[in-house]
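When a ligand or atom number is given, it counts from 1 through the structure's own listing order.
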Amino acid sequence: MAQNLARKIIAAHLVGGEMVVGQEIALKIDQTLTQDTTGTMVWLEFEAMGLPRVRTECAVAYIDHGLIQVDFRNPDDHRYLQTVSTKHGAYCSRPGNGICHQVHLERFAAPGKTLLGSDSHTPNAGGLGMLAIGAGGLDVAAAMGGAPFYLTMPRIVGVELTGELGPWVTARDVVLELLRRLSVKGGVGKIMEYYGPGAAALTVDQRSTICNFGAELGATTSIFPSDEQTRIYLEAQVRGDVWQPLAADPDAEYDEIIELDLSALEPLIAKPSMPDKVVKVSEIEGTPVAQVFVGACVNSSYEDLMTLAMVLRGRTVHPSVSLVVGPGSKQVYTMIAENGALADLIAAGARVLESSCGPCIGMGQAPATGTVSVRTSTRNFKGRSGTADDQVYLASPAVAAAAAIYGEITDPRKLGEPLQIVYPARFAVNDNMILPPAENPGEVAVIRGPNIKPLPEFHPLSDTLSGRVLIKVGDNITTDDISPAGANILPLRSNLPAISEFVFSLVDPDFVRRAREWDGGFIVGGANYGQGSSREHAALSPMYLGVEAVIAKSFSRIHHANLINMGILPLVFTDGADYEALEQGDAWEIAGVHAALEAEQDLTVRNLTQGTTFEVTYSLTERQVAIILAGGLLNYIKYSV
Ligand code: MIC
Ligand code: SF4
């Protein structure tokens with residue numbers, strides 16, 4: 001049978017299950033990546049597994065998120081990560097070397113391989129023909145230990161790109177168009193595979209932009225073929241040896257096909273505060289802008305920074321705009337420094353940051369009260385920028401550049417003749433900030449600062465779950481809502497008791513007090529509960545606060561897996577009316593849980609307050625049931641493997 005590319009790579013890595021949509025499969029993982037804000041937990045978990053060395057072909061620990069260092073906590077995390085990762089056989093990309101996804105693309109990603117990363121934008125490497133998937137920390141720790149990665153066989157969506165991008169229309173507009181059509185839940189349970197003449201013309205940086213932002217569709221991952229563009233890119237990285245041609249067979253079948261004519265696209269922009277609130281830039285032209293940020297893992301490549309620099313050359317940033325720029329990697333930074341583009345940016349008035357996630361994750365550069373910020377980053381969830389009433393718009397570097405000059409949202413086609421960006425034949429390759437695995441691991445002492453607290457105890461699931469409904473939230477609740485990020489909270493990622501004080505703090509500041517007073521309880525969610533980031537703290541902290549089950553209309557893929565890994569039971573309403581009827585504070589009891597899970601039967605919730613009962617169901621494999629009953633993946637690995 002003619003195969004598509006995603007299925008070919010899955011087949012080559014399949015170590016369990018059958019490639020039938022909806023069934024659980026197990027994949028061999030070739031490479032892993034961690035970053036610092038999820039990575040401290042991953043490495044604590046890896047240490048808890050007691051293995052001396054990572055067992056993947058390549059594991060990289062990046063330090064790129066928490067770089068503000070207002071006190072000892074960020075740098076203590078960095079020191080821990082640097083020592084623990086190299087001791088156990090991983091590479092460590094030091095602070096300043098760049099954002100994990102950009103650096104991984106440049107220096108490690110390889111066509112046809114699998115990558116599992118403790119960050120939701122790991123699919124960025126799909127731009128190089130890699131099957132790159134974001135996951136919760138424990139899944140990544142297990143993969144580093146040589147375990148396969150388990151996931152539900154996704155539907156493979158073929159996205160046929162025809163035509164070509166018009167002047168000032170960019171790769172970012174391609175994926176914004178998909179967000180417009182499909183919404184933030186449109187990709188759940190799917191892999192987006194791009195092909196066609198329009199795809200062939202895109203550079204690897206453009207392809208990665210599409211794959212990266214594809215995470216906002218909720219997709220498992222996105223992927224492009226490995227072709228001439230891929231070869232050129234890898235040769236420029238002096239890694240031509242890892243290139244191999246890869247594509248779907250002619251006439252390959254897909255579970256679904258989407259057609260997208262690039263010639264018909266216009267510059268697009270996502271309005272506050274969801275990545276799928278997409279409109280044409282021309283529709284909201286004239287909106288005053290106070291801040292512009294060009295950076296983050298999605299649009300911080302050489303091409304992106306050159307776009308901005310070429311537009312700004314000889315001009316000055318608009319007096320009402322603060323322009324913030326963050327090159328994606330030390331390589332990009334070096335290249336724009338060497339060719340003079342950095343000087344153009346500085347001369348124009350840009351505020352140039354170090355190479356890190358920075359404003360994307362609320363690590364500095366919060367916008368002023370009641371103002372608009374136009375960003376090339378990935379997520380515009382309310383408050384993520386660090387300002388509670390923020391109005392963050394997401395768009396391409398071209399749209400950002402136009403806003404920086406004119407001080408208002410402006411169609412970039414007004415900027416005149418399109419730019420010709422010429423790639424150098426060889427990039428500025430210099431891996432001096434990537435530490436290799438230690439040659440003598442015995443001599444490396446792992447350094448732990450006082451903020452790095454040990455993992456909590458995980459308890460087997462009770463047979464009767466009882467407690468009160470701690471909170472009832474609506475659809476598309478993000479992990480940023482559950483466990484917010486930002487400069488005050490991110491430094492607590494290695495300290496579970498401390499970070500747990502902030503659960504739902506932006507949504508309902510009283511949540512934690514209730515959870516303590518009521519001694520745990522239930523969380524009730526709407527559709528696509530837990531979308532967005534891969535942070536396992538959004539499951540770990542509720543577990544720590546005594547939550548044993550979350551009942552929602554549906555879950556995002558990574559959060560569902562994280563709940564299971566932490567021993568929390570993810571349950572699904574069978575009838576929307578039950579969701580409507582229940583209220584915060586209701587006392588519930590779910591009895592006979594063990595037997596029901598083992599017999600694959602639905603569970604009955606007794607609402608003691610309202611005197612009603614209703615059924616809830618779940619989507620769990622036998623393995624997942626065993627994990628939950630054991631009290632999470634770490635217990636399961638310890639006791640059953
Ligand atoms: C994000 O973009 O939200 C993050 C910060 O990169 C997260 C990881 C985290 O919360 O540490 C992600 O995307 O998974
Ligand atoms: Fe960093 Fe933002 Fe990318 Fe997350 S989305 S990895 S915070 S740049």
Flag, side chain of Q291 to backbone of Q365, donor-acceptor distance under 3.5 Å: yes

Y393 six-ring face occupied by R375 cation (under 6.0 Å, within 45°): no

Residue pair R557 / S120, side-chain donor-acceptor N/O under 3.5 Å: no

Environment of atom 3 (Fe) of ligand 2 in terms of protein N/O/S atoms, cut-off under 2.8 Å: C297 SG

Short side-chain to backbone donor-acceptor contact, T371 and P367, under 3.5 Å: no

Under 3.5 Å: donor-acceptor pair, side chain of S85, backbone of L81: yes

Residue among Y529, F555, Y150 satisfying ring-ring contact (aromatic ring centres under 6.0 Å, His included) with H560: F555

Sidechain-backbone polar pair: D64 side chain, C100 backbone, donor-acceptor under 3.5 Å: yes

Student check: side-chain heavy atoms of Q31 and H104 closer than 4.5 Å: yes

Salt bridge (charged side-chain N to carboxylate O under 4.0 Å, His left out) assessment of D431 paired with R107: CA-CA 8 Å; D431 291 333; R107 307 306 305 143; 2.8 Å; yes

Minimum heavy-atom distance between T479 and G532, given as atom pair plus value: OG1-C, 4.1 Å

Shortest non-hydrogen separation from N380 to P272 and the atoms involved: ND2-CA, 3.8 Å

Residues in contact with ligand 1, criterion: heavy atom under 4.0 Å: Q35, T37, T38, H65, D119, S120, H121, I361, R379, R384, R493, S533, S534, R535

Side chain, backbone, both or neither: the part of Q35 lying under 4.0 Å from ligand 2 by heavy atom: neither

Ligand 2 contacted by R384 (non-hydrogen, < 4.0 Å): yes

Closest approach of any protein heavy atom to atom 4 (Fe) of ligand 2, naming residue and atom: H65 NE2, 3.7 Å

